[in-house]
Amino acid sequence: MLNDRYYPQEIEKKWQKKWDEIQLNKVYNDKDKEKYYVLSMLPYPSGKLHMGHVRNYTISDVIARYKRMNGYNVLHPMGWDSFGLPAENAAIQHGANPKKWTLDNIAYMKSQLKALGLMIDWDREVTTCLPEYYKWTQYFFIQMFKKGLAYKKEAAVNWCNNCATVLANEQVIDGKCWRCDGDVEKKYLSQWFLKITDYAQELLDDIEKLKGWPDSVKIMQKNWIDRSTGAILRFKVKEIEGLEVPVYTTRPDTAYGITYLVVAPEYKDIEKLTTPENKEAVEEYRKNARKMSEIERLSTERIKTGVSLGTHLINPLNGEEFPIWTADYALAEYGTGAVMAVPAHDERDFAFAKKYNLPIKIVIQNPQNPVNELKEAYTDKGVLINSLDCSGLENEKAKQVIIDKAVKGGFGEAKVQFRLRDWLISRQRYWGTPIPVVYCPKCGTVPVDEKDLPVLLPEDVDFSVKGMSPVKTSESFKYTTCPICGSKAERETDTMDTFMCSNWYFYRYIDARNNEAPFDKELIKYWAPVDQYVGGIEHAILHLLYSRFFTKVLRDLGIIDIDEPFKNLLTQGMVLKDGSKMSKSKGNTVDPDEIFANYGADTARLFILSDSPPNRDFDWSDAGVEGCYKFLNRLWKLYSNYQSHISLDYVVPEISTLSKANNDLVREVHMTIKKISQDISNEFQFNTVISKYREFANVIYDYINNKTEFSVEDEQVFSFAVLTFLKLLAPVLPHMTEEIYEGLGGKTSVHQLDWPEYDENLAKPGKITLVVQINGKVKDRIDVDSETAKEELEKIALNSDKIKELILNKMVVKVIVVPGKLVNIVVK
RNA sequence: GCCGAUGUGGCGAAAUUGGUAGACGCAUCAGACUCAAAAUCUGACGCAGCUCACCCUGCGUGCCGGUUCGAGUCCGGCCAUCGGCACCA
């Protein structure tokens, strides 16, 4: 028997406990069943769940439940991206232990996830900060080191002063730190990199394979990798025998127009290229450039500065000499760090040449509109002039001609260049995976022996130190012996970027408790790749690019045999309040705990899926929650007030024998199954699924309200309708539907029932409203049988009194009939 | 500057992909129930006009134009908002 009133708090606790007891959500590696792997981006354990989490996990949970009812073996796991700076900052500020702080947060957030009613097999939980996990992160690092994919080099890197650590290029947003929003500086440091650039071409090409990804994400990745084709050209230094300066250019066709060359202030040969007279000015300029933060550099956009080095280069194409300058508009990390300047045909070079009075030589002209002087750089297509034997060529063709000349003359060749840089993964922080490397005075940089993994994070550290990593304060950690020769050696004290932990976690879920290997290859074959990934757009480049890269590396190491980790991707929109992003500083956050306590998780689940499609932003409103709660009460009453008319073993009589009301209701049920199934299949349009729930509830209430008593037939059709409805509701409202099903006498879990099927013939109305238009404007509506033939429809339309009157004295030119929809009469 | 997305009532949004624009909900208003309130139920609800009945007539999907019997949907040109990249040679 069902209670009169809906008490979500009691019901939800009861079922969460029961599901645990009967292990309803345990996932077996049942290879006879077709698998479906649905994944949400794992949370950082910051302390409490926010509404963005609730939205993310509700979406993936409903997908998981829907797929399970459709017969799939569904994996929907959860874990914790638990290394990272906030834990360490908490340690510094409150004297807490980062590990304890993190594990406490995990325990609390896990209880919140359970309160949300998620269908998760917690036996597969993954926590990236625990040694049994990061052992394998270290293992992978060593494999990459051995393959030459992990290397250390000195470079100009991004340094965040606040966080006191370096950052990857992908973690610098508008010249600021992605995490703390602090200014980022360039520093010269020796750091660990992963050779993601080795995979640049494949990462770009395989974007085509990602059919189930949103275009926006694919385009962002394309732009980030940014391939360009051009040439390397090498110029001999006039003053120094044997020294050359190579440049990368996409415009070899303009090479006859070079009037100067710019090297980055950090260019490796810059000191050699500077004459004694210019040394002081150049030093000064370089010092300033180094001091400048990213932000300052960006703000000086377009106001270009530079100084001459005093030396010259020779253009092998025409023998002309031109001066070498240094300017910070040349980037050390892109191409060769040097740019050939053709002011006539490049806006930046033009501005620079104007400012410093450098010559401007026109070598490409629009034949329709030749000019002798330029007011701005001419960057369009044209024909070469002043280019010796290349004059007269179309510039697009000249590109190849000049590359050929360079190859023949031995001063250049074609070159493909990417914007993507290698991934900087070392961090000067404590709370991360230790990089498993030892520095031996004899053997050099040596990886830790695999059998000695994990390299444990030390506990005897002093968090109060400034300007260096706390790891360095651990004597027990720092000093070790060389794995090769056994002599005294020192450990690497840097830890890894947390994105190293999160770029493979989804493989670990597949075999989370394996102590012998990161995972079993056979199980990966069954479960991978992820069928549906759900997460925020903010990872469009960062995590999603790194995971793609890592998957390809694992493939090349022979560890897995797929190319891409995520088949389909759903990027959910943000949760807003009053039109702006929820944030603590704005004070417009909504605490999930309060919502669960006041309304229950089912209300929260229903609301967060309603109103907006998953990929768009969602505006949280208190009235909206209230409305959803009312709807759940309305549903509850439907079942509790009429339970005496509901029987689990109903038989639906043949449709043609039914009364009109029952006939209509049966059709409504089939139409509703169809529409909801379609909306879920079509990119998980849960907002329209929920409007369909409401419409169907209205239909059933209309049915009841037109009744004084239930016949046997009525009870059968009614039972069919409300029990089918219960199954359709189950993925979104797991607790309520379970309680109702039990109350009605159900013996299994409602979540073990099959998703209802619909009959195509019954999934349409018996009658339709025929729209009659004249010249495309609606003039009449007539109820007709939905199967009425085309000719008949035309006749009905023309015989309508209203239409007859309107077309009187007019000539009917044409009649267009759309069966099942409308008749349009064209008149003059 | 380049690339992308979006633009529909007071608000969140639907629209079988070229066929009744505004489903469903929020808010609002009116009514029923109630001593009263809450809850619940019923109804109205794009804008303007006309009107003795709730019938009708215009106008309406950012703006301008086009294709079509018919355009929120397709094509061309603009505008606005949001997001990504941004001295990448």
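Chain letters run A, B, ... following the sequence lines, proteins first and then strands; every chain starts at 1. In this text the structure is predicted, and so the values were computed from the model without any measurement. Values reported hereafter were calculated over all heavy atoms of this structure, with side chains retained and with hydrogens, waters and symmetry mates removed.
Checked against B:U20, B:G19, B:A86, the side chain of A:Ile816 finds its nearest nucleotide in B:G19. Residue A:Leu331 places its side chain closer to B:A89 than to any other of B:A14, B:G19, B:A89.
Two rings, from A:Tyr6 and A:Tyr599, have their centers 6.0 Å or more apart.
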Kindly give the atom pairs (protein nitrogen or oxygen, nucleotide nitrogen or oxygen) under 3.5 Å for nucleotides 47-56 of chain B.
none

Give RNA chain B the dot-bracket treatment, 5' to 3': Watson-Crick (N1-N3 with N6-O4 or O6-N4) or G-U (N1-O2, O6-N3) under 3.5 Å, [ ] crossing, | other strand. (((((((..(((......[....))).(((((.......))))).((((......))))..(((((..]....))))))))))))....
Per-nucleotide protein contact along nucleotides 22-31 of chain B, 5' to 3', at a 4.0 Å heavy-atom cut-off (B base, S sugar-phosphate only, - neither), is -BSSS-----
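Annotation: ring-ring contact (aromatic ring centres under 6.0 Å, His included) contacts of A:Tyr356 (sequence neighbours excluded): A:Trp325, A:Phe352.
Note on residues 678-701 of chain A: pairs passing salt bridge (Lys or Arg N to Asp or Glu O under 4.0 Å), not counting sequence neighbours, are A:Lys675-A:Asp679, A:Lys692-A:Glu695. Among residues at least two apart or in separate chains, side-chain hydrogen bond (donor to acceptor under 3.5 Å, both in side chains) pairs with a member in residues 602-611 of chain A are A:Asp61-A:Arg605, A:Asp602-A:His735.
Among the atoms of the strands shown, base atoms are found under 4.0 Å from some heavy atom of A:Arg781. Residue contacts shown for A:Asp619 are absent, as no nucleic acid heavy atom lies under 4.0 Å away. As judged by a 4.0 angstrom heavy-atom cut-off over every strand, A:Lys777 is placed among residues touching the sugar-phosphate backbone only.
Side chain A:Asn223 to base B:C85: no donor-acceptor pair is found below 3.5 Å.
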